[in-house]
Amino acid sequence: MNRKRTEESEAGSIRLGLCCAFRKQPIKFRTTTAAAVSRMSKLNRLQKLAELCLYNADSLFMALRFCAENGIGCFRINSQILPLRTHPAYGYELRELPDGDEIISRFKNCGQFARQHGLRISFHPDQFVVLNSQNPKVVASSLAELEYQAEVAEWVGADVINIHGGGAYGNKAKALAEFARNLDRLSLRARRRLAIENDDRIFAPAQLLPLCRHHQIPLVYDVHHHRCNPDGLSEAAATEQALETWNREPLFHISSPLEGWRGPKPQRHHNYINVRDFPECWHGLDVTIEVEAKAKELAVLRLARWLKHRRNRQTNE
């Protein structure tokens, strides 16, 4: 599948994504801990959780508005947007919360705003979501977390819930087979949004691509992870093969190493993106690129300025 745009439309083809939080903007998301709510009565606990959910829905709306006003095409929602939603002791259903219907309504308003402004929304569950864990309790909690995020994704119109392949447990082929087996335990709304990402230690693109093709799971290609965990595929080949796994706009990740590629831990993310780390083969693709950088919106906007400058320079040559 050729995802290249024509030269006329190339300027708007790359959609940059902001991940979860802000560095300078006064837009915050709030959460709580199990320890904090354990000291409350059930009534007070549910009231507190409802307040946090309403606050986060309003913060999401502000985040999406900032993205729309600043040309950022995608926003990733953090996993605790509904705090403690799947906690084994203090988890809850929305119908249990005061103003439960209002919470859902506000999130749906966020989805309507995103659609009106052409914004994309994604999820990237925390590392404790491991579909191929050897511990059945971990698998069960992972499935519950994916179902919760799929519920919110349905409200806001998010089309990607991206997870890693999990552990190898001494046999990567067997581990991925277990991952595939547990796909059947997901609801349709979770399964159709699920994507898998290559990681920096265990599963490289070449190991995930057969799984993606066979089970129709899109590959979120993380070029930083690929550089840390190479597999014999070139970046161009991995990019092309990842593109072919998507039945909608592909989504990739980019980041730069905190202390450079020769530093002691190249896996760690820098505040900004070093433009030399942007793959040449990505220019002109019709793709979302989430910017995983600690400077958050500042890093996204800086990368956007560089991409625009590069396009303008090439146009004038």
Please report the interatomic distance OG1(T245) to CG(L209), rounded to the nearest 0.5 Å. 7.0 Å
Please enumerate all residues that pass side-chain hydrogen bond (donor to acceptor under 3.5 Å, both in side chains) together with Q207, with sequence neighbours excluded. none
Using 0.5 Å steps for rounding, measure from the OG1 atom of T288 to the CG atom of L16. 9.0 Å
Which residues share a side-chain hydrogen bond (donor to acceptor under 3.5 Å, both in side chains) with S38, sequence neighbours left out: none
Pairs involving residues 62-88, ordered by first then second residue, that meet salt bridge (charged side-chain N to carboxylate O under 4.0 Å, His left out) (sequence neighbours left out): R76-E290, R76-E292, R85-E93, R85-E151
Measuring only between side-chain heavy atoms, which start at C-beta, is C53 closer than 4.5 Å to I81? no
Just wondering, more than 12 heavy atoms not from E96 lying within 6.0 Å of its CD? yes
Parallel under 30°, tilted from 30 to 60°, perpendicular over 60°: which one fits the rings of H269 and H224? tilted
Can you confirm whether more than 12 heavy atoms, excluding those of N171, are under 6.0 Å from its CG atom? yes
Answer yes or no: is there a donor N or O on one side and an acceptor on the other, between the side chain of R23 and the main chain of K294, under 3.5 Å? yes
How are the rings of H253 and H124 set to each other: parallel, tilted or perpendicular (split at 30° and 60°)? tilted
Within the structure provided, determine whether Q134 and E178 are in side-chain contact (heavy-atom separation under 4.5 Å). no
Distance-only donor-acceptor check, side chains R185 and N182, under 3.5 Å: yes
Below 30° counts as parallel, above 60° as perpendicular, anything between as tilted: where do the rings of Y221 and H226 land? perpendicular
Is it true that a side-chain atom of Y90 and a backbone atom of T33 form a donor plus acceptor pair closer than 3.5 Å? no
Could you tell me whether a side-chain N or O of W306 sits under 3.5 Å from a main-chain N or O of V275, the two making a donor and an acceptor? no
As an exercise, state the distance from CD1 of I77 to CG of L60, rounded to the nearest 0.5 Å. 4.5 Å
K172 atom NZ, neighbour heavy-atom count above 12 within 6.0 Å: yes
Is there side-chain contact between Y169 and S133, with heavy atoms separated by less than 4.5 Å? yes
Those residues at least two apart in sequence (or on a different chain) that pass ring-ring contact (aromatic ring centres under 6.0 Å, His included) with F61 are F113
Can you measure from NZ (K174) to CG (N132) and round to the nearest 0.5 angstrom? 11.5 Å
Only one of L301, I72, L64 passes side chain to side chain contact (heavy atoms under 4.5 Å, CB included) with L18; say which it is. I72
Rounded at 0.5 Å granularity, tell me how far CG in L52 sits from CD in Q80. 10.0 Å
Ring pair (Phe, Tyr, Trp, His ring centres under 6.0 Å) for F22 and F66? Distances and angles first, verdict last. CA-CA 10 Å; F22 293 81; F66 175 87; 5.4 Å; yes
Would you call N198 and D231 a side-chain contact if the rule is heavy atoms closer than 4.5 Å? no
How far apart are the C-alpha atoms of E259 and R268, what are their side-chain angles, what is the distance that settles it, and do they pass the salt bridge (Lys or Arg N to Asp or Glu O under 4.0 Å) test? CA-CA 8 Å; E259 299 166 290; R268 294 190 295 183; 2.3 Å; yes
To the nearest 0.5 Å, atom CZ of F75 lies from atom CD1 of I121 at 9.0 Å
Between the side chain of S59 and the main-chain N/O of I27, is any donor-acceptor distance below 3.5 Å? no
Please give me the minimum heavy-atom distance between D277 and R227, naming the atom from each residue. O-NH1, 2.9 Å
So that I know where these two stand, are Y92 and H87 an aromatic pair - ring centroids less than 6.0 Å apart? no
May I ask you to check whether S79 and E145 show a side-chain donor-acceptor distance below 3.5 Å? no
How would you list all residue pairs meeting salt bridge (charged side-chain N to carboxylate O under 4.0 Å, His left out) that involve residues 191-207, not counting sequence neighbours? none
side-chain hydrogen bond (donor to acceptor under 3.5 Å, both in side chains) filter on H270, not counting sequence neighbours, yields none
